[in-house]
Amino acid sequence: SVLCEAQVSVVIFSSSGKMSEYCSPSTSLPNILERYQHNSGKKLWDAKHESLHAEIDRIKKENDNMQIELRHLKGQDLNSLNPKELMPIEDALQNGLTGVRDKQMDFLKMLKKNERLLEEENKRLTYILHHQHLAMDGGVREMEMGYHQKEREFAAQMPMAFRVQPIQPNLQENK
């Protein structure tokens, strides 16, 4: 390269896939490739690759812009913005806040509905429990009344009444 004043470029790919390149100090790899393509008539880059390269650049710019917008929405780097640029951010934040409040209201409505349903279920179960207690109390009364009824029937069948008096003086009542 130095002795002949030639422009030299070498591209080396290792077995691990790592690329290394060398170019003469007076040129660059894209310039060498362009000269090769022009002199040889072979296209190294076709239109498809160019459009993909342009698409990659466009997506990178879009990503960068989204990163900046995200930082602005987080409240970072706002000092560099003018009022016109702040207005869309304010609108976006207002829309987000409205969405959050709507979601909260929906959640509260659902909780109130569940509370109302649980209260109705509680009233229904209390009603059932109350009736079961009444039925049980009624059954006990019927049993008691039946017992006393049989006692009266038994007393009516007895022809005489006996009065038991203790024989021992210490068992008698003191009057």
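Computed from heavy atoms alone, side chains included, the values below leave out hydrogens, waters and symmetry copies.
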query: Are M66 and L70 side-chain neighbours, meaning at least one heavy-atom pair lies under 4.5 Å?
result: no
- request: Taking atom CD of E5 as the centre, report whether more than 12 heavy atoms of other residues, nucleotides or ligands fall under 6.0 Å from it.
  value: no
message: Before you tell me yes or no, could you show the steps for E69 and N65 under side-chain contact (heavy atoms from CB on, under 4.5 Å), namely the whole-Å CA-CA distance, both residues' side-chain angles and the distance that decides it to 0.1 Å?
response: CA-CA 6 Å; E69 187 177 341; N65 289 337; over 6 Å; no
message: Please enumerate all residues that pass salt bridge (charged side-chain N to carboxylate O under 4.0 Å, His left out) together with E115, with sequence neighbours excluded.
response: none
- prompt: Do L78 and L81 come close enough that some side-chain heavy atom pair is under 4.5 Å?
  reply: yes
Where at least one partner belongs to residues 82-128, residue pairs that pass ring pair (Phe, Tyr, Trp, His ring centres under 6.0 Å), sequence neighbours excluded: Y127-H131
message: With rounding to the nearest 0.5 angstrom, report the OG to CG distance, S9 to L33.
response: 6.5 Å
message: For residues 10-33, which residue pairs pass the salt bridge (charged side-chain N to carboxylate O under 4.0 Å, His left out) check, not counting sequence neighbours?
response: none
Reported CG-to-CG distance for the pair D102 and L97, which is rounded to 0.5 angstrom: 9.5 Å
query: Minimum heavy-atom separation for S28 to C23, with atom names?
result: C-SG, 3.7 Å
- request: Kindly write out the residues that satisfy side chain to side chain donor-acceptor pair (under 3.5 Å) with D77, not counting sequence neighbours, or none if the list is empty.
  value: R71
task: Would you please name every residue forming a side chain to side chain contact (heavy atoms under 4.5 Å, CB included) with N82, sequence neighbours left out?
output: K84, E85
task: With sequence neighbours excluded, tell me which residues meet ring pair (Phe, Tyr, Trp, His ring centres under 6.0 Å) with H130.
output: none
statement: Separation between CG (D57) and CG (L52), nearest 0.5 Å, reads 11.0 Å
task: Go through the structure and list residues passing salt bridge (charged side-chain N to carboxylate O under 4.0 Å, His left out) with E90, not counting sequence neighbours.
output: none
query: Taking atom CG of L129 and atom CZ of R124, what is their separation to the nearest 0.5 Å?
result: 12.0 Å
message: Taking side chain to side chain donor-acceptor pair (under 3.5 Å) as the definition, give me every residue that meets it alongside S24, ordered by chain and number, with sequence neighbours left out.
response: S1
query: Can L108 be reached from L117 by stepping across I, L, V, M, F, W or Y side chains whose heavy atoms are under 4.5 Å apart?
result: no
- prompt: How many angstroms lie between CG in N39 and CD in E34, if you round to the nearest 0.5 Å?
  reply: 10.5 Å
Qualifying residues under side chain to side chain donor-acceptor pair (under 3.5 Å), relative to Q7, sequence neighbours excluded: R35
message: My understanding is that only residues two or more places apart in sequence, or in another chain, count here; which of them pass salt bridge (charged side-chain N to carboxylate O under 4.0 Å, His left out) with E55?
response: R58
query: What residue pairs, at least two apart or across chains, pass ring pair (Phe, Tyr, Trp, His ring centres under 6.0 Å) with a residue in residues 16-41?
result: none
field: Residue list, side chain to side chain donor-acceptor pair (under 3.5 Å) with Q94, at least two apart or on another chain
entry: none
task: Enter the distance from L111:CG to L118:CG here, rounded to the nearest 0.5 Å.
output: 10.5 Å
